[in-house]
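Structure first, then comments.
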Amino acid sequence: MPTPRVAVLRAPGTNCDHETAHAFELCGAQAERIHLFRLLEQPQRLLDYQILCVPGGFSYGDDIGSGVIFASQLRNRLAGVLGEFLQSDKLCLGICNGFQALLKAGVLPNGQVASLEANQPPASATLTWNHNGKYTARWVHLRTAGSQNVFLRGIESLDLPIAHAEGRIVVRDPSVLSQWKQHGQFALCYSKRGATDADPSSVELSFPENPNGSIANLAGISDPTGRILGLMPHPERFLFRTQHPNWTRMDLPEEGAGLQLFRNAVAYFG
Amino acid sequence: MLWEIEIRPLPSEIDREAARVQGSCQSMRLASITDIRAAKSFLIQGELDQAQIERAAQTFLVDTVVESHAIHPLSKSSTKSADDASLLNVMFKPGVTDNIAYSTQRALVDLGFAVEAVSTCRKYWVNAGASEPDLKLLASKILSNDAIEHVTRGSLAIGNLSIGREYQFQLQKVAIRELSDEQLQQLSKTGQLYLSLTEMQTIQNYFRKLDRDPTDAELETVAQTWSEHCSHKTLGGRVHYVDDTRDIQFQNMLKETIFAATRKLREQAGDQDWCVSVFRDNAGVVEFHEKFHACIKVETHNHPSALEPYGGANTGLGGVIRDPLGTGLGAKPICNTDVFCFAPPDTPFETLPPGVLHPQVVARGVVSGVRDYGNRMGIPTVNGAVYFDERYLGNPLVYCGNVALIPIDMVEKGAKPGDLIVAVGGRTGRDGIHGATFSSAELTHESETLSGGAVQIGNAITEKMVLDVILEARDKGLYTAITDCGAGGFSSAVGEMGAECGAEVWLDQAPLKYTGLSYTEVWISEAQERMVLSVPRQNWPAFQALCAAEGVEASAIGEFKDNHRLLLKYQDQIVGDLAMEFLHDGRPPVIREAVYRAPQVQELKLPARERYDADLEKILGSLNVCSKEWIIRQYDHEVQAGSVVKPLVGASSDGPSDAAVVRPILDSNRGLVIACGMNPHFGDFDPYWMAASAIDEAVRNCVAVGADPRRIAILDNFCWGYTDRPETLGSLVRASLACHDVAIAFGTPFVSGKDSLNNEFSYFDTKGQKQTVAIPASLLITAMGQMEDVNRAVTMDLKAPGNLLYQIGVTKDELGGSHFSLVNKLTGGRVPQVDLPLAVKIFAALHRAINAGMVRSCHDLSEGGLAAAVAEMAFSGEVGAELSLAAVAKVSQLTESAQLLFSESNTRFLVEVVPAKAAQFEALFAGLPLASIGKTVAEQVLKVDSPQGVRVIDSELKNLKACWQKPLNWN
């Protein structure tokens with residue numbers, strides 16, 4: 001069995017690092033929770049790992065905006081090594097606040113770290129306030145949307161919890177969406193349970209099915225290579241049957257559906 | 001140079017802040033305010049030119065996909081702009097913690113910008129033609145809270161953000177020796193010491209004997225150590241209690257009631273005793289798992305929340321999280337529980353007494369405050385409750401609780417002489433000065449101005465960083481003791497840690513938020529997110545390095561000694577020198593009278609009814625019963641991946657769970673069960689049965705989801721009125737007596753507790769008469785149960801048609817204080833009592849049934865009785881139910897449908913059992929009150945027949961659910 005090394009990168013305010021590391025370990029990876037400040041001391045250490053995971057939480061309190069300060073750290077002193085990491089045949093996963101940080105650092109949607117210099121091309125997309133204006137914790141139903149993302153292999157649909165205030169994906173203009181679609185970057189969409197539409201991204205959905213008003217019902221996006229995934233829902237919160245909100249009402253397998261994402265990542269190195 | 005970056009939502013985005021404010025204007029009927037636009041701005045001071053500021057904005061501060069911005073320089077003589085008349089700016093008052101500004105400054109400096117100071121500002125442009133009175137109300141009641149913020153009109157005219165001034169050391173002495181009694185009382189009041197005359201005299205005598213006057217720091221230290229908040233002198237004091245049948249002289253009321261029950265249970269348990277550390281550390285500790293014990297603590301933060309709901313509740317939760325962290329050598333928080341008491345949210349604005357915030361403003365602020373701290377800390381909020389009563393006006397209650405795990409070999413701690421006193425975490429500022437003494441005083445309409453400094457604002461991320469680094473240092477064995485800096489600040493923390501040995505403190509060594517603090521302010525500041533540790537000198541370099549590596553500030557501010565004195569120094573000058581003995585044992589005993597006279601039982605006259613659908617709808621739609629989903633969904637209840645039974649359960653995940661089940665260790669199936677019980681209305685009838693009912697409710701909530709009744713630890717939190725009044729104290733003593741009796745009977749030890757007294761609010765009405773509102777007797781019982789295997793847990797939602805429904809327990813004529821009485825405005829009646837021996841048998845039998853997998857769903861019968869319980873189970877499970885009251889009538893020897901449906905008798909459950917297991921299930925309850933009362937059906941209805949066979953309820957589930965969801969479905 002492959003045992004890739006996973007860097008679960010935590011910043012001040014990260015709070016899902018333990019369970020995320022646990023998820024990778026359940027699948028046979030060797031996961032280390034590593035503090036951003038330690039990495040800043042020796043950025044080259046990042047290259048010791050095969051998988052970079054930025055877990056959920058409230059990095060720097062989400063002051064200024066969700067993931068913004070964490071992203072500025074990635075864009076500043078880690079830009080070089082992060083670029084090198086992303087260029088090689090490795091995987092990168094951002095969950096919730098980690099997704100927000102990756103998107104605001106430019107790692108998503110295109111795998112290129114955004115520069116902090118003046119007169120840069122503006123960001124093509126952002127994660128911002130939920131349409132209901134509130135932090136919202138609830139379970140959602142998700143469908144994969146035809147991307148070739150490594151983490152989502154073999155998954156068609158699954159239930160996962162969301163817990164965020166700024167999870168609505170907004171794009172600068174409609175061409176961004178068509179590019180994403182063209183490059184297979186739609187990864188996960190919020191969906192009605194039991195829906196059979198060919199394309200979950202083109203259905204009109206409102207709250208609670210699409211819990212934050214995200215464009216094209218997007219819950220997660222991929223880079224064009226399929227090696228980077230950012231998603232708002234928390235796969236590390238559905239590792240066991242008893243985490244599902246309806247586990248007392250239905251027969252569920254012992255293993256939670258979220259585990260498959262981590263297993264796929266580990267299997268990639270097999 | 002000072003710049004302002006003004007940031008607005010793009011036209012394609014909703015201006016949420018403006019919408020929020022406009023909504024509030026409508027509810028306050030500020031008719032002349034018809035249009036508002038909002039913006040946020042950063043004020044940035046430093047050697048920066050326009051191009052640099054523009055780059056900071058575009059690459060970092062502004063989300064250009066959804067926001068636009070404008071940049072302008074600011075100066076003291078700013079130019080007026082055209083829309084000045086309608087512009088309102090809201091800024092924090094100097095010195096108030098501004099987390100966003102702080103983070104922004106650090107991040108900008110880190111990115112290489114030469115930034116000296118940052119502030120944030122909220123800006124609002126109001127339509128022309130808004131009237132002056134409306135603008136004033138908008139500014140003072142909606143946009144800002146005077147305790148922490150100020151509002152300016154027009155363009156900002158600021159040239160400099162720097163605050164603080166140089167502090168010139170000057171030793172302050174208080175000439176206490178010559179004061180008359182009257183002057184002593186005056187000093188106690190004006191100095192915000194809130195000590196009694198006897199206490200002031202004791203201090204006077206102490207210093208007369210020393211032949212010197214105290215310094216201000218010494219006087220403050222004594223006041224804080226002796227405050228009600230820190231020493232619990234009333235309940236731990238001498239009380240003479242008299243009621244209709246008893247006359248008791250307590251030497252220490254708490255020790256002889258609540259502690260005594262625990263002591264007795266521990267003795268009875270012998271070597272099976274599963275309490276580890278109770279009533280001595282910052283949280284109670286019990287056995288849970290082979291590697292970890294469970295800790296629990298519940299605190300209140302009522303007074304600060306009354307003045308500034310967001311900050312008060314925010315720091316209430318932040319404070320209670322530091323309790324388990326400061327227990328033993330430090331416990332890791334795993335979940336939170338929060339209970340709030342508010343006045344009804346529809347209270348008319350015009351009836352508010354002066355100085356009182358509107359209950360809806362309070363509720364929203366409290367809910368957000370708890371949300372922002374708990375979510376940021378990454379601790380799931382899994383349990384809670386909200387109670388409404390008019391008497392919480394001006395005096396809301398905010399109970400915050402935290403559960404944590406501690407390795408079994410880390411429960412003991414002790415500072416050693418020679419260890420460094422190390423402060424870790426947040427810096428010290430002027431915030432929260434006099435919190436300990438102030439929280440022990442009665443609130444008045446002047447409190448807002450008098451005690452503004454007592455308001456604190458939290459920074460959850462600082463606390464999260466402290467938590468992370470402390471747990472690492474703990475596991476490396478770098479320190480010997482730890483405690484939290486709560487009320488009383490360093491004074492309380494160091495005073496407690498050094499109580500057994502002695503301590504010398506170097507007050508000039510504490511890192512400050514800004515200059516200008518006097519040594520006394522440093523000593524008593526209640527700035528948040530600070531912990532105090534004792535670190536052996538040889539570990540100090542390693543400890544410092546660990547903290548630095550995670551960006552946490554740690555400073556040695558003194559040394560523990562073996563001289564049993566508390567010595568305070570500032571730049572080598574002695575500013576305080578007290579004997580620990582005087583501080584901790586010198587307080588004169590408080591002696592109080594307590595009296596309880598049972599009110600006459602008034603008969604309750606049942607209204608004549610043919611049907612009870614309308615009563616059920618009203619009860620489901622009453623504030624205490626209705627859905628709290630609006631709150632629950634704003635709280636992360638799944639972080640840490642331990643969620644098993646969530647606060648909302650059922651087919652659509654919107655039904656009210658009895659308790660939360662958490663599986664806190666990722667590779668173990670052991671579960672913790674968290675629930676609570678409280679019923680302030682019962683206290684109006686009899687505080688004894690109110691307390692007994694609260695314990696019964698908390699325990700039965702735990703048992704209902706699968707907790708083992710032999711392993712439930714409970715906590716008491718008393719929030720009471722002015723206990724100098726013998727009647728008020730009498731009701732509290734009576735409740736404590738019930739706590740003693742019920743805890744022993746149930747085998748549920750109290751492991752921790754806290755009291756908050758003098759919860760009264762007084763003001764002068766329009767006629768100049770002093771009016772006082774005292775809260776109802778509010779005893780919160782929190783219960784922490786355990787499960788060997790979380791896979792056995794049961795939820796309250798009906799599971800499938802064709803199953804049998806059983807009521808467990810006896811329904812009595814107990815409609816006193818019930819919700820049926822409340823919604824029908826009935827008075828009188830008997831308050832629910834508890835049959836203690838029977839309750840124990842019922843809990844045991846139900847637990848056996850749940851553990852054997854016989855129970856598909858189970859719900860306890862509480863507010864609204866059987867009718868509300870079955871309605872909740874049915875609409876949560878989206879499965880109908882048909883009941884006949886005949887069998888319950890027989891078991892209970894009652895005939896009235898109203899009583900059978902709505903009585904709130906204790907120790908009752910409604911359970912769903914598959915027909916194949918019915919016989920086995922019934923056998924488990926042989927000799928116990930059990931009634932087979934109906935079945936589940938596919939049709940989405942609730943039908944109930946009276947004992948006489950007449951249909952008394954026939955309602956659609958959709959309708960019942962809508963009634964239940966409507967009242968608090970806020971935006």
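Treat the numbers as computed from the prediction; the structure is a model and nothing was measured. Proteins come first, then strands; the chains are lettered A, B, ... in the order of their sequence lines, and each starts at number 1.
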Please report the shortest heavy-atom distance between [X] and [Y], naming the atom on each side.
| X | Y | value |
| --- | --- | --- |
| A/Y60 | B/S103 | O-OG, 4.0 Å |
| A/Q73 | B/D110 | OE1-OD2, 3.2 Å |
| A/V170 | B/V65 | O-CG1, 3.7 Å |
| B/A107 | A/I69 | CB-CG2, 3.9 Å |
| A/I64 | B/K40 | O-NZ, 3.7 Å |
| A/Y135 | B/Y635 | CE2-C, 4.4 Å |

Ignoring hydrogens and geometry, is there a side-chain-to-backbone donor-acceptor pair from [X] to [Y] under 3.5 Å?
| X | Y | result |
| --- | --- | --- |
| A/R38 | B/E550 | no |
| A/R249 | B/G877 | yes |
| A/E19 | B/Q640 | yes |
| B/R16 | A/H131 | yes |
| A/Q243 | B/A641 | yes |
| A/N15 | B/N375 | yes |

Below 4.5 Å from any heavy atom of chain A, which atoms of [X] appear? Answer side chain, backbone, both or neither.
| X | answer |
| --- | --- |
| B/I100 | both |
| B/A460 | neither |
| B/D63 | side chain |
| B/S653 | side chain |
| B/A51 | neither |
| B/D797 | both |
| B/A793 | both |
| B/R106 | neither |
| B/V649 | neither |
| B/L798 | backbone |
| B/E629 | side chain |

Which one of [options] has the most heavy-atom pairs closer than 4.5 Å to chain A?
| options | value |
| --- | --- |
| B/T120, B/T795, B/V794, B/L666 | B/L666 |
| B/G551, B/A651, B/G378, B/S643 | B/A651 |
| B/Q634, B/K464, B/R371, B/R376 | B/R376 |

Point-to-point distance, once rounded to the nearest 0.5 Å, from [atom1] of [X] to [atom2] of [Y]:
| X | Y | atom1 | atom2 | result |
| --- | --- | --- | --- | --- |
| B/Q105 | A/D63 | CD | CG | 13.0 Å |
| B/H637 | A/R138 | NE2 | CZ | 9.0 Å |
| B/F60 | A/L116 | CZ | CG | 8.5 Å |
| B/D468 | A/R33 | CG | CZ | 7.0 Å |
| A/E117 | B/T59 | CD | OG1 | 8.5 Å |

[X] versus chain B, the contacting section by heavy-atom distance below 4.5 Å:
| X | value |
| --- | --- |
| A/A125 | backbone |
| A/W247 | side chain |
| A/S59 | neither |
| A/T126 | both |
| A/P161 | side chain |

Could you check whether atom [atom1] of [X] has more than 12 heavy atoms from other residues, nucleotides or ligands sitting under 6.0 Å from it?
| X | atom1 | value |
| --- | --- | --- |
| B/R20 | CZ | yes |
| A/K134 | NZ | yes |
| B/N971 | CG | no |

Any side-chain heavy atom of [X] sitting closer than 4.5 Å to one from [Y]?
| X | Y | value |
| --- | --- | --- |
| B/K332 | A/H18 | yes |
| A/T248 | B/K799 | yes |
| B/N791 | A/T242 | yes |
| B/Q58 | A/N119 | no |

* Structure fact -> For residues 640-650 of chain B, the salt bridge (charged side-chain N to carboxylate O under 4.0 Å, His left out) pairs (sequence neighbours left out) are B/E638-B/K646
* Out of A/H234, A/H164, A/R237, which residue meets the side-chain hydrogen bond (donor to acceptor under 3.5 Å, both in side chains) rule with B/D636? ->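 Only match with B/D636 under side-chain hydrogen bond (donor to acceptor under 3.5 Å, both in side chains): A/R237.
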* **Charged tip of B/R663 within 45° of A/F240 ring normal and under 6.0 Å** => yes
* What parts of residues 251-259 of chain A touch chain B if we use heavy atoms and a cut-off under 4.5 Å? -> none
* Please walk me through it: do B/E13 and A/R168 pass salt bridge (Lys or Arg N to Asp or Glu O under 4.0 Å)? -> CA-CA 12 Å; B/E13 291 287 307; A/R168 178 168 56 103; 2.6 Å; yes
* Asked: chain B: which of A/H244, A/E236, A/R241 shares the most heavy-atom pairs with it under 4.5 Å?
  ->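 That would be A/R241.
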* **Interface residue of largest heavy-atom contact number with chain B, from A/A163, A/G61, A/G13, under 4.5 Å** =>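 Looking at each option in turn, the highest pair count goes to A/G61.
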